[in-house]
Q: 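Quick one: structure below, then a few questions.
Here is how names work: the chains are called A, B, and so on, in the same order as the sequence lines, proteins then strands, and each is numbered from 1. Values in this document were obtained by computation on a predicted structure and should not be read as measured data.
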Amino acid sequence: MPELPEVENFKNYIDETSLHQKIAAIQIAAPELLVNTTIDILRDTLKGNVFEDTFRHGKFLFIRLLKNGFLMLHFGMTGDLLYYTPDKKYPKVYVLLIQFENGRNLAFSDQRRLGKIGLVKNVESFIKDRGYGKDALKISLEEFIALFQKRRIAIKTALMNQKIVAGVGNEFSDEILFQSKVHPESKSNVLPIEKLKEIYQHMLAILQEAIEQNADRSKLEHYFFLDHRKEGLKCPECKGDTKLRTIGGRSSYFCPSCQKLYT
DNA sequence: GAAGTTGTTTATTA
DNA sequence: CTAATAAACAACTT
């Protein structure tokens, strides 16, 4: 599922393929993904326009346009990008297709259609108005500790809340807490400052390495819970059984003996 | 074929 | 007002 590292990877992909080319036409196959815009407005805005550069905040990707602000993309659970040269094998299934004047296409596919497509005039006010927290890679240790010390919810739920810190989802939250040896149901506000610091440091380290590996899960196999999401597996540390529990409405995997519960 | 899956939004309650 | 909680949505897998 696209979390922060995957979205960073999409950003790099667009930077490498789709910048500085005039858009000849677009196709919109899933109008229900549009937020605060319409098919006509999106088409009028993008046609003849140019992708200039990109900016990521949490799991949101913003593409700056030569004219008229930014194109906003959110990848939901199944969003994906493919830049390709149309031939007989295509078009593949897409929700949005960008056709460049050079003949290449950029397809945004989203099998389960939980993604979002929109136009944004000002990225900072978009983030502020919707209440999203600082990006997980940009938040300072002091800000992180202050925010998590005043939340009484489970630490896993807090980590996944985009309005506290933006970018961490279900799978990375499990891995961060396993590395930090903290039980996901621990109350955020009772964790010692030293533990919050560890969580912060592991969050940065894991996200950064995932980005360096282009979010390729096959290169992240040493992260146990990123790759082994099943109940009853042997914990690589203590050889005990891993557990599954629904926390914050999401399936959470953890090692009950290695990960200490703070209440 | 009913239940499980995740990121986000919305509704409800404290 | 803020914070916490639960449910809803999409569409595909088990």
Q: Mind checking what makes side-chain contact (heavy atoms from CB on, under 4.5 Å) contact with A/A29, not counting sequence neighbours?
A: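 Residues passing side-chain contact (heavy atoms from CB on, under 4.5 Å) with A/A29: A/Y94.
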Q: Could you give the CG-to-C1' distance, from A/L244 to B/dT5, as a whole number of Å?
A: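 Computing the A/L244:CG to B/dT5:C1' distance gives 11 Å.
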Q: So among A/E198, A/Q201, A/E175, A/H202, which one has a side-chain hydrogen bond (donor to acceptor under 3.5 Å, both in side chains) with A/S180?
A: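 Passing option: A/H202.
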Q: Go through the steps to decide whether A/K187 and A/I153 satisfy the test side-chain contact (heavy atoms from CB on, under 4.5 Å), and finish with yes or no.
A: CA-CA 5 Å; A/K187 298 288 180 210; A/I153 52 177; over 6 Å; no
Q: Are the aromatic rings of A/Y83 and A/Y13 close, with centres under 6.0 Å apart?
A: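 So the answer is no for these two rings.
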Q: Can you check whether A/F225 and A/F254 have ring centres sitting under 6.0 Å from each other?
A: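 No; A/F254 has its ring centre 6.0 Å or more from that of A/F225.
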Q: Ring centroids only, cut at 6.0 angstrom: are A/F75 and A/F108 within range, meaning strictly under it?
A: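 So the answer is yes for these two rings.
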Q: Are A/E32 and A/R113 within salt-bridge range, i.e. N to O under 4.0 Å?
A: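 Yes, charged N to carboxylate O under 4.0 Å.
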Q: Whole-Å distance between C/dA4 C1' and A/K156 NZ?
A: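 Distance check: A/K156 NZ to C/dA4 C1' gives 17 Å.
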Q: Please report the distance, rounded to the nearest Å, between CE in A/M72 and C1' in B/dG7.
A: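 One finds 13 Å between C1' of B/dG7 and CE of A/M72, rounded.
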Q: So, do A/F126 and A/F62 have ring centers that fall under 6.0 Å from each other?
A: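 For A/F126 and A/F62, the ring centres are under 6.0 Å apart.
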Q: Return the value, rounded to whole Å, for the distance between atom CG of A/N161 and atom P of C/dT5.
A: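 Rounding to the nearest Å, CG of A/N161 and P of C/dT5 are 12 Å apart.
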Q: Short of 4.0 Å, heavy atom to strand atom, which residues of residues 144-153 of chain A count as contacting DNA chain C?
A: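 Of all residues in residues 144-153 of chain A, the ones placing a heavy atom under 4.0 Å from DNA chain C are A/R151, A/R152, A/I153.
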Q: May I ask you to check whether over 12 heavy atoms, not counting those of A/K195, lie within 6.0 Å of atom NZ?
A: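 Buried by this count: over 12 neighbours within 6.0 Å.
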Q: Just to be sure I understand the rule, does A/Q162 reach a base, reach only the sugar-phosphate, or reach nothing, if contact means heavy atoms closer than 4.0 Å?
A: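 Sugar-phosphate contact only.
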Q: Within a 6.0 Å radius of atom CG on A/N36, are there more than 12 heavy atoms belonging to other residues, nucleotides or ligands?
A: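 No - once you tally the heavy atoms of other residues, nucleotides and ligands closer than 6.0 Å, there are 12 at most.
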Q: Any N/O pairs under 3.5 Å between the protein and nucleotides 9-11 of chain B? List them or say none.
A:
{"unit_1": "B/dT9", "atom_1": "OP1", "unit_2": "A/R130", "atom_2": "NH2", "d": "2.3"}
{"unit_1": "B/dT9", "atom_1": "OP1", "unit_2": "A/Y132", "atom_2": "OH", "d": "2.9"}
{"unit_1": "B/dT9", "atom_1": "OP2", "unit_2": "A/Y132", "atom_2": "OH", "d": "3.2"}

Q: Rounded to whole Å, please give me the gap between CD in A/E3 and P in B/dT6.
A: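 Rounded to whole Å, this separation is 10 Å.
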Q: Just to be sure I understand the rule, does A/S251 reach a base, reach only the sugar-phosphate, or reach nothing, if contact means heavy atoms closer than 4.0 Å?
A: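 Since only primed, P, OP1 and OP2 atoms lie under 4.0 Å of A/S251, the category is sugar-phosphate.
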Q: Each nucleotide N or O in nucleotides 12-14 of chain B that has a protein N or O under 3.5 Å away: list the pair and distance.
A:
none

Q: Identify, with sequence neighbours excluded, every residue that meets side-chain hydrogen bond (donor to acceptor under 3.5 Å, both in side chains) alongside A/N189.
A: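 Applying side-chain hydrogen bond (donor to acceptor under 3.5 Å, both in side chains) to A/N189 gives none.
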Q: Report the distance from atom CG of A/D174 to atom P of B/dG7, rounded to the nearest whole Å.
A: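 The answer, rounded to whole Å, is 10 Å.
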Q: Give the minimum heavy-atom separation between A/A205 and A/Y223, together with the two atoms involved.
A: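 Shortest heavy-atom contact: O-OH, 4.3 Å.
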Q: Can you tell whether the side chains of A/E8 and A/K11 come within less than 4.0 Å, N to carboxylate O?
A: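 No, A/E8 and A/K11 are not salt-bridged.
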Q: So if I define the base as every atom that isn't primed, P, OP1 or OP2, how would nucleotides 8-14 of chain C read as a B/S/- string at a heavy-atom cutoff under 4.0 Å?
A: BBBBS--
